[in-house]
Amino acid sequence: MAASFARRAIFPTYRCLNGLTRYRQNACHARFISLSNNFQASQWFTKDHEWVTIDGQKGTIGISNYAQEKLGEIVYVELPEIGTSIDAEEVAGCLESVKAASDIVNPVSGTVTEINEALKDEPALVNSKPMDEGWLYKMDLASDVRTDDLMDAAAYKEYCKSCD
Amino acid sequence: MAHIRLGFKNLRDVLNAVGGPRRSSAKRFFAQDAELKRTALYDFHVAEGAKMVPFAGWEMPVKYKTGITEEHLHVRQQVGIFDVSHMLQTRVEGKDRKEFMEKMVVTDIQGLQDNQGTLTVFTNDQGGILDDLIINNTDKDYLYVVSNAGCADTDLAHMKATEASFQKSGGDVKLSVIENALLAVQGPQMVSVLQPGVDFDLKNLPFMTTTEGKVFGVEGCRITRCGYTGEDGVEISVPQSGAEQLLSSLLASSHASVKMIGLGARDSLRLEAGLCLYGNDINATTTPVEANLTWLVSKTRRQKLDFPGAEIIVNQIKKKPTKRRVGFVSSGAPIRGHAKIFSEDGSELIGETTSGCPSPSLKVNVSMGYVQTPFAKNGTKIKIEVRKKMVDAEVSKMPFVPSKYYILK
C-alpha cells in the first residue's frame, strides 16, 4: 500500500482531489487481480483516458468517450503487432486527428492477441463507438496484472470533470 | 503564420492542448497564462466555447465547440472568421517609406500601385528569411504592413534599427504600431456576407488590394483582400472598440453560415493552400529560392542587388539551389514536421518535412518539406519515415487544394 501511494505522489499535478479520493478507496480493495480466481469482467480507466476491460486472463483496450470527443475525428489508427508484449504505461500505438498525434499508452501488461481490423478502413469508429466497436486491441494479460493505478468508472467520471 | 505545434504526446497532453474547453485557472499552466496577452475578443472566444491555448505569447482560440475538421470544411464551403489580432500591424509613414522597406525586403515596393499589396520576406545578409509579411501601399501616404505574431518582437526591433540608420542618412520615415484588432473573413461566400456592410462594390477590390472604410457601421476599418486559407477572403483591421460589434454583425449574416474558426483549422487550411508557416517551413536558414518563393524577388531588385543577401539569392536563382521546398501527398500514417525523407529505394536521406497533416478536404495526407533539388520534380516517388516505418509518398505541386482568390482577368 505504501508503495502505491508513494508512486502516486510523484505525479500529483495530474490528479484531481475528488477523483483521487474515490480512486484511492477503490484501489484499496481491488489493487490486485488474481488470475486463478474466476472474476467477473471489470472495466478500468487510466489518467491518460484509455480503458481496459478485464475478463479472466483477457484484456480489451480502447479510449474513453471523453477522449474521443476532445480529440476530434480520428483519421488514422496505428496499432501494435499481434504477438508483441507490452508493459503497462508503454506506448502501444498512435491515434491521429487533423492536428494531433496521440500515443496510446497501454494500461496493463500483456501480449497482444488481436487488433481491431475494422479501424483500418473506418478509424472514426473510435469516435462513434469508443466503448465497444471502436476498441483498439486485445491482450493475454500478464499473470500479475495490477489495477491499483487505474480508476473504476465512477472515479474516472469524477476525474474527467476535473480535466475540463 | 497562425498555428499550433504538437509533437507526439499521450492523450492527456494532447487533450490539454487541443481538446477540452478552457482550462480552469487552478491548472498547471496558470503561471504561464498570467503572462499571456489577450486580444480584444478574448471574452467573446471564451463565451463561444473556444479552447484557448498559448500561442506566440498570446492566449488564442485553437478551436471552438465543433472541432478542427468541421471548422476547416466550413471555411471551404461557407465563411469562417479568424481572430488574428495577435499579428503585428505596422504603419510606415514618410516620403521615403518605400525605399525604407526595400532596405529590408526582396520585392519591388516602389512599383506598387496605389492600394496594392504584396507578400514579401525580410532577409538577412546570408539570404535567409527573417519573416514573411504583407506590405500594402495605401493611397493615404503610408504603408500598411502585417507580419507574424511569432516574429513581432524581432520584426519590430529590425524595423526600428533600420529606421534609425535610415533617418541618420537623411531618409524620411516614421514607424508606428497599429493597435487594431484584425479579423480574417474567409470562404467562398465572403462577398455575400460582407457586401451588405460596406458602401463600395467588393468587385472593385481584387486580391491583394486594400481600402479604408466603414464596415457594418464601425468606422476606421481597413479592408484588405487577402488571407491564409486559399479561399477568397478579406482581412479587416478594426479599432479594438468596434471589434466585437463588427464580429457580431458578420456572424449574424443571413446570406451564409458564418462561424468562428480557430488556429487549428487555420493551420490545416494554409497547408492545403501550400502556404508557408514561418518557423516551420521557412526560417533564417532557408532562402526565398530554396523556399520556392523566388517569385517574390522582383526583376528590378535582382538587377539592383540592393537587399540583404542579394548576391547569394540571385546566384541561387541562376545556378539552382541545392535543396527546394516542395509538397508531398501520401496515404497511411499522417506526415507531420521533422520527418526524414528518403529516396524511393530507401537508401538515401534526401531531406526533411517541415509541416503536414491529414487533409480534411482531400482525405489524403499532405505535407511539405525540403528535398535535394534532383528529387524536387512533381511526381517523384519518395519515402518518408514515420515512427520508424517507411511511408510511400509523392512530390506534388502546391497548392494541394486549388486557390480561389478573386483575381481580375
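Naming convention: chains lettered A, B, ... in sequence-line order (proteins, then strands); numbering from 1 in each chain. Model, not experiment: these values are computed from the prediction.
- Distance OG1/B:Thr69 to CD/A:Glu73: 5.0 Å, rounded to 0.5 Å.
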Please evaluate residues B:Arg387 and A:Glu96 with respect to the criterion salt bridge (charged side-chain N to carboxylate O under 4.0 Å, His left out), reporting the C-alpha separation (whole Å), side-chain torsions for both, the decisive distance (0.1 Å), and the verdict. CA-CA 13 Å; B:Arg387 293 185 290 274; A:Glu96 304 228 21; 3.0 Å; yes
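- Within the 4.5 angstrom heavy-atom criterion, only side-chain atoms of A:Val75, from C-beta onward, approach chain B.
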For B:His72 and A:Val98, run side chain to side chain contact (heavy atoms under 4.5 Å, CB included): C-alpha distance rounded to whole Å, both residues' side-chain angles, the deciding distance at 0.1 Å, then the answer. CA-CA 10 Å; B:His72 179 113; A:Val98 171; 5.6 Å; no
Can A:Glu78 and B:Lys389 be said to form a side chain to side chain contact (heavy atoms under 4.5 Å, CB included), step by step? CA-CA 11 Å; A:Glu78 192 162 285; B:Lys389 287 179 196 152; 4.0 Å; yes
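- Contact tally against chain A (heavy-atom pairs below 4.5 Å) for B:Cys357, B:Pro358, B:Pro360: the top residue is B:Pro358.
- Contact count versus chain A (heavy atoms, under 4.5 Å) is highest, among B:Ala265, B:Ser359, B:Gly67, B:Gly332, for B:Gly332.
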